[in-house]
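Following: one structure in structure tokens, then a few remarks.
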Amino acid sequence: MSDNTPLDSSKRTWIIASSCAGVVGGGFAAVPFVSSFEPSERARAAGAPVEVDIGTLKSGEKMTVEWRGKPVWILRRTPEQLATLSKVEPQLADPKSERNPDQLTPPYARNQDRSIKPEVLVVVGICSHLGCSPIDKFQPGAQPSLADDWPGGFLCPCHGSTFDLAGRVYKNKPAPDNLEVPPHMYLSDNRLLVGQDKQA
């Protein structure tokens, strides 16, 4: 039997129809597969600036918001807490925020308070040692894992790094750097934008 025997018309029609169906079906199957590579709404929003209302934040209180998957702390410091910042400077590893300033401290926060407004601290709550999250230790005085003259601040429970109430790391601790101050700006007295510090 010759290999060149022509196909009858019904077989030819069946082959063409099934081939077309396969191509169309494959196209429909690929659509959800390809669309799964598109970033989700949450992923797209993760890098976007976060607008925060700090109007209800009382003196001595801290709130946490998420920006780029990181916890950002906003602390409204009391006058007593602000007064400790100059007193602890001799005990700090980088009191003037001179290490890695471009990554860790924007120009407007390169001051003793590490903030735009002295009473409001905005820092990323991730220790610069191994990425743990420090805990609040605002109460001054002797406490477990802290000095007897502890003035208040943050303690990383993983390896014992301590930070003052401006997020500055104490000397001789595992953490090499101060806590990061993220880009931020005020939209009004009580509206803060975290993740952006310039008007578009």
Side-chain angles (χ1 to χ4, degrees), residues 49-50 52 54 57-186 192-197:
V50 178
V52 187
I54 61 170
L57 192 63
K58 295 177 184 173
S59 188
E61 288 184 344
K62 185 190 91 173
M63 65 189 300
T64 303
V65 298
E66 184 180 343
W67 172 68
R68 292 188 174 177
K70 303 174 187 176
V72 174
W73 297 338
I74 303 168
L75 170 64
R76 191 180 291 277
R77 295 174 286 199
T78 65
E80 294 77 17
Q81 289 173 331
L82 285 170
T84 67
L85 300 183
S86 60
K87 294 175 184 175
V88 301
E89 281 199 356
Q91 304 170 49
L92 303 175
D94 184 20
K96 305 293 184 191
S97 300
E98 296 171 327
R99 295 183 191 167
N100 303 317
D102 293 336
Q103 286 101 16
L104 298 174
T105 314
Y108 46 81
R110 291 178 200 160
N111 51 50
Q112 180 179 270
D113 309 317
R114 295 189 81 220
S115 61
I116 298 171
K117 294 183 178 184
E119 69 276 14
V120 180
L121 174 69
V122 182
V123 290
V124 175
I126 297 176
C127 180
S128 57
H129 180 218
L130 293 176
C132 304
S133 188
I135 56 177
D136 303 344
K137 289 290 182 179
F138 299 155
Q139 182 65 39
Q143 299 166 58
S145 303
L146 296 169
D148 290 346
D149 60 349
W150 176 248
F154 305 98
L155 166 69
C156 185
C158 301
H159 301 96
S161 294
T162 48
F163 303 84
D164 78 340
L165 288 163
R168 300 175 296 180
V169 68
Y170 280 82
K171 290 178 181 176
N172 305 315
K173 298 293 180 178
D177 293 307
N178 296 336
L179 299 179
E180 175 189 357
V181 175
H184 64 282
M185 60 189 288
Y186 286 88
L192 186 65
L193 190 65
V194 177
Q196 182 177 317
D197 54 11

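Reckoned from all heavy atoms, side chains included, excluding hydrogens, waters and symmetry mates. Given the structure is predicted, the values throughout are model-derived calculations rather than measurements.
Only one option out of Thr78, Leu82, Leu121, Leu75 pairs with Leu165 in a side-chain contact (heavy atoms from CB on, under 4.5 Å); it is Leu75.
By the side chain to side chain contact (heavy atoms under 4.5 Å, CB included) test, Pro140 pairs with no residue at all, sequence neighbours left out.
If you take CZ on Arg76 and NZ on Lys58, they are separated by 11.5 Å, rounding to the nearest 0.5 Å. How far CZ of Phe138 is from CZ of Arg77: 10.0 Å, rounded to the nearest 0.5 Å. Between Lys62 atom NZ and Asp136 atom CG the span is 3.5 Å, to the nearest 0.5 Å. Here Ile126 contributes atom CD1 and Ser133 contributes atom OG; the two are 7.0 Å apart, rounded to the nearest 0.5 Å. To the nearest 0.5 Å, the span separating CG on Leu155 from OG1 on Thr162 amounts to 7.0 Å. Rounding to the nearest 0.5 Å gives a distance of 6.0 Å between CE of Met185 and CD of Gln196.
Between Glu119 and Ser59 the shortest side-chain heavy-atom distance does not fall below 4.5 Å. Put simply, the side chain of Pro101 reaches to within 4.5 Å of the side chain of Arg110, judged on heavy atoms. Between Asp177 and Gln103 the shortest side-chain heavy-atom distance does not fall below 4.5 Å. Counting heavy atoms from C-beta on, the side chains of Val120 and Ser115 never come closer than 4.5 Å.
Remark: the backbone N or O of Leu179 is paired with a side-chain donor or acceptor of Arg114 at under 3.5 angstrom. At distances below 3.5 Å, not a single donor-acceptor pair connects side-chain atoms of Asp94 with backbone N or O atoms of Asn178. Using modelled atom types, no side-chain atom of Lys173 and backbone atom of His159 make a donor-acceptor pair closer than 3.5 Å. The closest donor-acceptor contact from the side chain of Asp164 to the backbone of Ala166 lies under 3.5 Å.
The two residues Pro134 and Pro157 come nearest to each other via the heavy atoms CA-CD, 4.2 Å. Across all their heavy atoms, Gly167 and Phe163 have their closest contact at O-CD2, 3.7 Å. Of all the heavy atoms in Thr105 and Ala109, the pair that sits closest is CG2-O, 3.4 Å. The two residues Ile74 and Val65 make their nearest non-hydrogen contact at CD1-CG2, 4.4 Å. When all heavy atoms are compared, the tightest approach of Val88 to Arg168 is CG2-NH2, 4.1 Å.
Applying the 6.0 Å contact sphere to NZ of Lys96 captures no more than 12 heavy atoms from other residues, nucleotides or ligands.
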Throw together a table of side-chain donor-acceptor distances under 3.5 angstrom for residues 141-152, partners on residues two or more places apart or in other chains.
residue : atom : partner : partner atom : Å
Gln143  : NE2  : Gln139  : O            : 2.5
Gln143  : NE2  : Gly141  : O            : 3.3
Trp150  : NE1  : Lys137  : O            : 2.9

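Among pairs with a residue in residues 69-127, those fulfilling ring-ring contact (aromatic ring centres under 6.0 Å, His included) read Trp73-Phe154, Tyr108-His184, at least two apart in sequence or across chains.
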